[in-house]
Amino acid sequence: MKKTWKAISLMLMAMMITVFFAGCNTSGGEVSVGIVLPTKDEPRWVQDEERFKEALSGTDYTTEILFSQGSSAKEKENVETLINKGIDVLIICPHDGDAAAASVEAAKKEGITVISYDRLITNTDAVDYYVTFDSLAVGAAQAQYLIDHASGKGVPLYLYAGAASDNNAFLFFQGAWSVLQPKIADGTFKIANSSEAESLKDTAELSRDQLSKIIGQVTTNWDANEAKNKAQTHLTAVSSDMKGDVAVLAPNDGTARSIADVFASDNAVSSFTVTGQDAEKASIQYILDSKQSMTVFKDVRTLVTDAMGMAVDVLDGKTPETTGSYDNGKVEVKAKQTDVIVVDKENVQKELIDSEYYKADEFTGL
Ligand code: BGC
């Protein structure tokens, strides 16, 4: 009799423990996959969070998503929090590619598999995998759009770039330069706002140092306000032959909208073509309203599926599939890469609405 009671109470206790852990999805308990994103202040990363949540709903994986709010210190704290929750896989999009090395090295010490997400973590061997879009193609597509929409010779060209702490900013600019440079050299474009770019206009392939010099001059720091201030300063500084019909390389949608607003408010600018990236909702509306020319659509659903697919493979003891590799300054990181799509007024419907990325009623003038 006694033995039976003991067995029953042990069984009850085991059941309670199981129920307790099953209930601990994202707070306090064991977490198997930790996800760290750079900031909630840009729609791009809120989009990623939403897409992760969609992909995870109904699955049994215990995950937790933390934001670093544009601070490497906060990012380190987030990674430590997740390490303490026992994660096996860390999916991390760094605020600053170099600074994040210390965080992932701490994770690596605990045997955690590190997946660099969208932005590469640089100068460390503690990154196992990288899931990314084709960032050189992003810049190349922006540049090609400017070429396709320029007419005649001597079109003033305004160059802007992302944050120098983000390896992608280099890839975007490098991709754009590879396409624009021959058109600068042949006089189709004349550079309006960068003496560094001007002095390198005959150099087809830029070194990292040369890219740094140009980016240092025309960086937006991925900040819409900084982009706006720079654009204002540039338009104030140039002579009238740098106005008229102009071309603007803006690195992403957030900066494109604020740069576009500045160009739109200058009476001496008669028309401008301005690029973007991310297919942010606000920019899709800008495109429909003819205030921004194009965006490069990066389907975050694919990136999320690839990152989670890799994480699940790792949890299952399998080796994730990769399609190439990226040099992060220290090691070649195995990577899975996704293509990008150019979107302008002509194909918004097909690429973003018909593909069910967004709903038609989120926009006016479709
Ligand atoms: C991302 C872009 C984003 C930018 C600013 C880049 O690393 O690839 O999609 O617009 O960061 O957050």
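Atoms within each ligand, like the ligands themselves, are counted from 1 in listed order. All residue numbers in this chain count up from 1 along the given sequence.
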Quiz item: Is it true that the side chains of Gln292 and Ser283 contain a donor and an acceptor less than 3.5 Å apart?
Solution: yes
Quiz item: Taking only residues two or more places apart in sequence, or in another chain, which ones meet Ala102 in a side chain to side chain contact (heavy atoms under 4.5 Å, CB included)?
Solution: Lys76
Practice problem: Check whether the side chains of Asp88 and Ser32 place a donor and an acceptor atom closer than 3.5 Å, and report yes or no. | Solution: no
Quiz prompt | Parallel, tilted or perpendicular, as decided by the 30° and 60° cut-offs, for the rings of Tyr357 and Phe297 | solution = perpendicular
Identify every side-chain donor-acceptor pair in residues 169-184 under 3.5 Å, counting partners at least two apart or on other chains, and give the distances.
unit_1: Trp177; atom_1: NE1; unit_2: Thr203; atom_2: O; d: 2.9
unit_1: Ser178; atom_1: OG; unit_2: Gly175; atom_2: O; d: 2.7
unit_1: Gln181; atom_1: NE2; unit_2: Lys201; atom_2: O; d: 2.8

Can you list, pair by pair, the side-chain donor-acceptor contacts under 3.5 Å of residues 341-348, counting residues two or more places apart and other chains?
unit_1: Asp344; atom_1: OD1; unit_2: Glu346; atom_2: N; d: 3.1
unit_1: Asp344; atom_1: OD2; unit_2: Tyr145; atom_2: OH; d: 2.8
unit_1: Lys345; atom_1: NZ; unit_2: Ser290; atom_2: OG; d: 2.5
unit_1: Asn347; atom_1: OD1; unit_2: Asp344; atom_2: N; d: 2.9
unit_1: Asn347; atom_1: ND2; unit_2: Val342; atom_2: O; d: 2.9

Practice problem: Heavy-atom cut-off of under 4.0 Å around ligand 1: list whichever protein residues fall inside it, by chain and number. | Solution: Glu42, Arg44, Trp45, Asp118, Arg119, Asp166, Asn168, Phe172, Trp222, Asn252, Gln277, Asp278, Lys298
